[in-house]
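Worksheet for the structure shown next.
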Amino acid sequence: MAVVPMLGEAGTAVDLWCAQREGVAGLGRRQESRLVALLKRARAESPFYRRRYEGLPDEPLEPLDLRDLPPVTKPELMASFDDWVTDPGLTRDGLEKFVADPALLGVPYRGGYFVCTSSGTSGHPGLFVHDRGAITVLRAMVIARIDAGWLTPREWLQLTARGFRWAAVVGTGGHFAGAGWIELERRRSRWRARAFRLFSVQRPLAELATALQEFDPAILTAYPSALQLLAEEQSAGRLHLRPVLVEAAGESVSSDARAGMAGAFGCSVHDVYAASECPWLAFDCAAGWLHVNSDWAVLEPVDEAFRPTPPGEPSYTVLLTNLANHVQPIIRYDLGDSVLARPAPCPCGNPLPAIRVVGRCDDVLRLTGSDGSAVSILPLAITSVVERTPAVHRSQLIQTGPDAIRLRVEPRPGEDVERMWLDVTTNLHGYLVDQGLGNVSVVRASEPPEQSAVSGKFRQVIA
């Protein structure tokens with residue numbers, strides 16, 4: 001993995017540009033060579049993968065077929081965390097102590113690793129570590145595939161005049177990927193510390209709108225559910241932002257919703273597909289598709305038995321292989337999203353594989369305050385409040401009325417259940433009071449969090 005740091009951000013960005021220009025053949029060559037390098041590292045230095053791949057040939061005589069390798073899941077990787085990573089100095093215990101301190105958000109772990117946490121669509125929490133090579137690739141992606149692909153010369157000039165002020169409205173209160181990345185970048189230079197700003201999606205909408213108005217961002221990144229609420233404020237005249245670019249991330253967004261946001265903000269709205277396990281999976285194009293960065297990541301749409309799903313059909317789940325991160329190998333990892341692969345080349349001309357994410361949504365809760373006012377609560381905001389309690393393994397919130405929530409909680413093994421419940425409800429009630437919803441009751445469910453009987457997917461927030 002030394003090749004990426006040697007190239008640096010600029011060299012990696014040039015390679016990304018060249019790979020796209022070379023088309024399917026150039027992308028395929030890079031993907032194959034990087035996959036071979038990843039597998040060699042995993043088998044040599046990860047006890048987990050050494051056991052998992054026992055019996056497979058060390059050096060395949062024919063081009064490698066990923067389908068010959070067994071899939072992995074988040075629960076089994078987390079259960080074998082210390083055997084999964086390739087750096088013996090990384091331990092689950094040490095990392096959990098690190099992420100327990102909110103003051104360390106964005107601080108490189110042991111001088112070079114980016115660490116983030118996630119619960120994900122499976123409902124099981126995850127702890128992810130990205131090495132320097134993966135960080136370099138991510139930064140180069142921003143240059144070569146976002147900036148170069150999305151921005152017109154006129155928009156470049158507008159961003160320059162506005163100082164590239166970037167506002168990210170994301171979940172805070174933990175080492176979540178979005179918040180952690182912003183803080184990691186802010187620590188790189190004084191200029192970034194001034195130009196980049198983190199805004200908590202947990203803030204009451206009126207306060208959030210005021211803070212954004214004062215900052216006056218040229219780039220606005222947020223969850224689609226948050227952007228829709230901000231677009232409503234903008235259309236109603238209670239918010240007067242003038243972004244050059246709006247980026248939706250973290251949830252699925254429909255074309256109609258995106259058009260509404262573009263109309264409200266008066267600028268282009270783009271979509272990015274990312275995950276804590278691989279923060280740079282795909283970026284959108286003018287034709288409305290997401291293009292997978294296949295030179296650095298592999299996505300396999302599959303059915304319940306992990307068999308390939310034909311292009312043009314929604315998958316049951318998707319298997320992810322991250323080719324950039326060698327410290328925590330993610331190889332045929334069940335990501336939990338349903339995606340649809342485009343069966344024909346994209347009309348935009350981009351040779352990168354085109355997909356659409358079919359299912360990646362939780363519900364916005366629309367509750368009634370004690371004064372009768374309607375208050376919208378974003379799913380990623382309220383779940384991050386619940387996840388502040390370390391004893392919580394996974395949770396699920398169901399709105400059962402205009403002022404009532406049913407909370408399903410599964411504790412970590414060995415935790416004091418009553419103490420966990422007290423901590424969770426204390427945090428949740430405090431958050432609801434801040435939103436003007438002190439009247440909302442939180443009912444303790446006797447049943448654990450449940451997956452959908454129809455899709456098999458796990459949704460954390462259900463209205």
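We count residues from 1, following the sequence as given. All values reported here derive from a predicted model rather than from experimental measurement. What you see below is based on every heavy atom in this structure, not just the backbone, and it leaves out hydrogens, waters and symmetry mates.
- Nearest approach of I330 to L38, heavy atoms of both residues: O-CD2, 4.4 Å.
- Using a 4.5 Å heavy-atom cutoff, the side chains of L397 and I462 are not in contact.
- Q158 meets the side chain to side chain contact (heavy atoms under 4.5 Å, CB included) test with R154, E155, V244; sequence neighbours excluded.
- Rounded to the nearest 0.5 Å, atoms OG (S189) and CZ (R187) are 12.5 Å apart.
- Atom OH of residue Y109 and atom SG of residue C116 lie 14.5 Å apart, to the nearest 0.5 angstrom.
- One N or O on the side chain of R186 and one on the backbone of A193 form a donor-acceptor pair closer than 3.5 Å.
- Closest non-hydrogen pair, V409 versus P449, comes out as C-CD, 4.1 Å.
- In this structure, T117 OG1 and F98 CZ are separated by 11.0 Å, a value rounded to the nearest 0.5 Å.
- For the pair H175 and L104, the minimum side-chain heavy-atom distance is below 4.5 Å.
- The minimum heavy-atom distance between A248 and D271, with the atom names listed, is O-OD1, 3.1 Å.
- Counting only distance, with no hydrogens or angles, the side chain of R165 and the backbone of D216 share a donor-acceptor pair below 3.5 Å.
- Rounding to the nearest 0.5 Å places OG of S268 at 7.5 Å from CG of L151.
- Side chains of T86 and E45: a donor-acceptor N/O pair is absent below 3.5 angstrom, by distance only.
- Between F196 and W191, the ring centre distance stays below 6.0 Å.
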For side-chain contact (heavy atoms from CB on, under 4.5 Å), just list the numbers for V72 and R332, CA-CA rounded to whole Å, side-chain angles, deciding distance to a tenth of an Å, and then say yes or no. CA-CA 6 Å; V72 297; R332 302 204 81 208; 5.6 Å; no
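- Here the straight-line distance linking atom CH2 of W289 with atom CZ of R342 works out to 5.5 Å at 0.5 Å rounding.
- Contact annotation: the side chain of I182 never approaches that of T221 to less than 4.5 Å [non-hydrogen atoms, C-beta and beyond].
- Counting heavy atoms from C-beta on, the side chains of F283 and H291 never come closer than 4.5 Å.
- Counted by atom type alone, T309 and S315 present zero donor-acceptor pairs between their side chains at under 3.5 Å.
- Listed here is the closest heavy atom pair of Q31 and A297: NE2-O, 4.0 Å.
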Give the intermediate values and the outcome of side-chain contact (heavy atoms from CB on, under 4.5 Å) for residues D82 and W84. CA-CA 6 Å; D82 292 1; W84 170 23; over 6 Å; no
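- Judged by distance alone, the side chain of Q234 and the main-chain N or O of L241 form a donor-acceptor pair under 3.5 Å.
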Would you check, one step at a time, whether the test ring-ring contact (aromatic ring centres under 6.0 Å, His included) holds for F48 with F81? CA-CA 9 Å; F48 172 86; F81 190 94; over 10 Å; no
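- Using modelled atom types, one finds no donor on one side chain facing an acceptor on the other under 3.5 Å when comparing S200 with R203.
- No cation-pi contact links R197 to W166, judged by a cut-off of 6.0 Å to the six-membered ring centre and 45° from its axis.
- Partners of Q228 under the side chain to side chain contact (heavy atoms under 4.5 Å, CB included) rule, at least two apart in sequence or in another chain, are A257, M261.
- Salt bridge E300/R67: absent, no basic N to carboxylate O contact under 4.0 Å.
- Here the closest heavy-atom approach between residue L27 and residue Q20 is recorded as CD2-N, 4.3 Å.
- Listed here is the closest heavy atom pair of A275 and L281: CB-CD1, 4.3 Å.
- Atom-to-atom distance recorded for L198:CG and L105:CG is 7.0 Å, nearest 0.5 angstrom.
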Please assess W156 against T152 for the test side-chain contact (heavy atoms from CB on, under 4.5 Å), listing each intermediate value before the final yes or no. CA-CA 6 Å; W156 269 105; T152 65; over 6 Å; no
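- For the pair I135 and Y113, the minimum side-chain heavy-atom distance is 4.5 Å or more.
- Counting only heavy atoms from C-beta outward, the side chains of V115 and L127 approach each other to under 4.5 Å.
- Using a 4.0 Å cut-off between a side-chain N of Lys or Arg and a carboxylate O of Asp or Glu, R110 and D87 qualify as a salt bridge.
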Between L16 and I143, is the side-chain contact (heavy atoms from CB on, under 4.5 Å) condition met? List the steps. CA-CA 9 Å; L16 285 161; I143 300 170; over 6 Å; no
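- Side-chain contact between V339 and R356 is absent, with no heavy-atom pair separated by less than 4.5 Å.
- A donor-acceptor pair is defined here as one N or O able to donate and one able to accept, closer than 3.5 Å; such a pair exists between the side chain of Q328 and the backbone of V129.
- Between the side chain of R30 and the backbone N or O of G26, at least one donor-acceptor pair lies under 3.5 Å.
- A donor-acceptor contact under 3.5 angstrom links the side chains of R366 and S376, judged on distance only.
- For residues 278-290, the salt bridge (Lys or Arg N to Asp or Glu O under 4.0 Å) pairs, not counting sequence neighbours, are R258-D284.
- Remark: side-chain polar atoms of N322 are paired, donor with acceptor, to backbone N or O of N325 under 3.5 angstrom.
- With 3.5 Å as the limit, one finds no donor-acceptor pair spanning the side chains of Y431 and Q202.
- At a threshold of 4.5 Å between non-hydrogen side-chain atoms, the residues H393 and E410 count as touching.
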Is there a salt bridge (Lys or Arg N to Asp or Glu O under 4.0 Å) between D15 and R34? Walk through the geometry before answering. CA-CA 13 Å; D15 182 73; R34 288 163 183 164; 2.9 Å; yes
Verify salt bridge (Lys or Arg N to Asp or Glu O under 4.0 Å) between R52 and E76, making sure each step is shown before the conclusion. CA-CA 11 Å; R52 179 56 64 96; E76 65 180 324; 2.5 Å; yes
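- Between D334 and T73, the side chains place no donor N or O within less than 3.5 Å of an acceptor N or O (distance only, hydrogens not considered).
- Geometric assessment of R145 against the ring of W280 yields a negative cation-pi assignment under the 6.0 Å and 45° thresholds.
- Checking D83 against Y49 by side-chain atom types alone, no donor-acceptor pair falls below 3.5 Å.
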